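In this text the structure is predicted, and so the values were computed from the model without any measurement. The chains referred to below are lettered A, B, ... by the order of the sequence lines, with proteins before strands, and numbering in each begins at 1.
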Amino acid sequence: NAGVTQTPKFRILKIGQSMTLQCTQDMNHNYMYWYRQDPGMGLKLIYYSVGAGITDKGEVPNGYNVSRSTTEDFPLRLELAAPSQTSVYFCASKGSSYNEQFFGPGTRLTVL
Amino acid sequence: AQTVTQSQPEMSVQEAETVTLSCTYDTSESDYYLFWYKQPPSRQMILVIRQEAYKQQNATENRFSVNFQKAAKSFSLKISDSQLGDAAMYFCAYRSARGGSQGNLIFGKGTKLSVKP
């Protein structure tokens with residue numbers, strides 16, 4: 001199993017550009033999450049999903065959108081990128097019966 | 001809302017010695033889970049240890065152990081026989097066990113651990 005994979009690993013965007021961060025898990029987990037980690041801080045929840053077709057906002061959703069059309073994929077969309085979105089983005093997944101969340105390797109995004 | 005506080009931004013330990021990282025949390029719930037994650041320079045989040053709040057026994061994983069004080073809402077991590085590979089950011093995290101919760105983690109700001117040879 002590959003676990004949780006994220007692409008790209010690094011990206012530089014200009015202000016106002018858009019992009020999609022990809023996240024895929026092959027563990028058949030129902031729960032998936034997007035977190036952001038700002039410098040010197042812990043991770044904060046952006047959006048989450050409890051299953052295909054079901055998504056909801058987390059603590060810091062502004063400027064982002066998500067979709068969950070399949071169990072495996074949970075892409076995060078940034079529209080009109082702003083410098084405040086410069087961060088490291090982590091995707092994670094969790095099975096219904098598990099306590100542990102499995103994290104992807106992260107995407108470092110810089111908005112200039 | 002639940003919060004997690006790590007009051008030590010940085011800690012240092014000599015190789016082979018023991019170090020304790022502090023974590024306190026605030027919650028009105030009685031059933032929850034607590035975690036310690038390690039984040040090395042590679043950025044990968046690695047689960048170190050977890051504790052179920054309903055268990056009185058402190059969790060242990062090899063050189064890592066916790067001191068869970070439920071009444072004091074304290075959850076410290078002890079690393080014994082510290083190794084150079086233990087150098088990393090350590091995050092304390094909380095997760096509700098309430099039925100219907102989304103299962104997300106609430107993180108502290110982290111403690112940067114340095115290990116001196």
Checklist entry - Between B:Gln6 and chain A, which part of the residue has a heavy atom less than 4.5 Å away: side chain, backbone, both or neither? => result neither
Checklist entry - Sub-3.5 Å donor-acceptor pair from the side chain of B:Gln44 to the main-chain atoms of A:Phe103, do we have one? => result yes
Checklist entry - Would you find more than 12 non-hydrogen atoms of other residues, nucleotides or ligands less than 6.0 Å from A:Ile12 atom CD1? => result no
Checklist entry - Would A:Tyr64 and A:Val50 show up in the same hydrophobic cluster when neighbours are defined by side-chain heavy atoms closer than 4.5 Å? => result no
Checklist entry - Hey, any chance B:Met89 and B:Trp36 share a hydrophobic cluster, counting ILVMFWY side chains that come within less than 4.5 Å of each other, even indirectly? => result no
Next on the checklist: Is it true that, when you exclude B:Lys112 itself, more than 12 heavy atoms of the residues, nucleotides or ligands shown sit nearer than 6.0 Å to its NZ?
Outcome noted: no
Checklist entry - How long is the gap from CD on A:Glu100 to OH on B:Tyr33, to the nearest 0.5 Å? => result 13.0 Å
Next on the checklist: If I take atom CG from residue B:Asn104 and atom CG from residue A:Leu43, how far apart are they, to the nearest 0.5 angstrom?
Outcome noted: 11.0 Å
Item to check | Verify same cluster id: A:Leu80, A:Val111 (apolar side-chain graph, 4.5 Å) | outcome: no
Checklist entry - Is any side-chain heavy atom of A:Gln101 less than 4.5 Å from a side-chain heavy atom of B:Met45? => result no
Checklist entry - Once you round to the nearest 0.5 Å, how far does CZ of B:Arg43 lie from OG1 of A:Thr107? => result 7.0 Å
Next on the checklist: Which atoms of A:Gln37 are under 4.5 Å from chain B, going by heavy atoms: the side chain, the backbone, both sets, or neither?
Outcome noted: side chain
Item to check | Residues, nucleotides or ligands: over 12 heavy atoms within 6.0 Å of B:Lys70 NZ | outcome: yes
Item to check | A:Val88 with A:Met19, same ILVMFWY side-chain cluster at under 4.5 Å | outcome: no
Checklist outcome for this item: Cut-off 4.5 Å, heavy atoms of chain B, and the answer for A:Leu45 is side chain
Checklist entry - Counting distance only, does the side-chain N/O of A:Tyr33 pair as donor-acceptor with the main-chain N or O of B:Leu105 below 3.5 Å? => result no
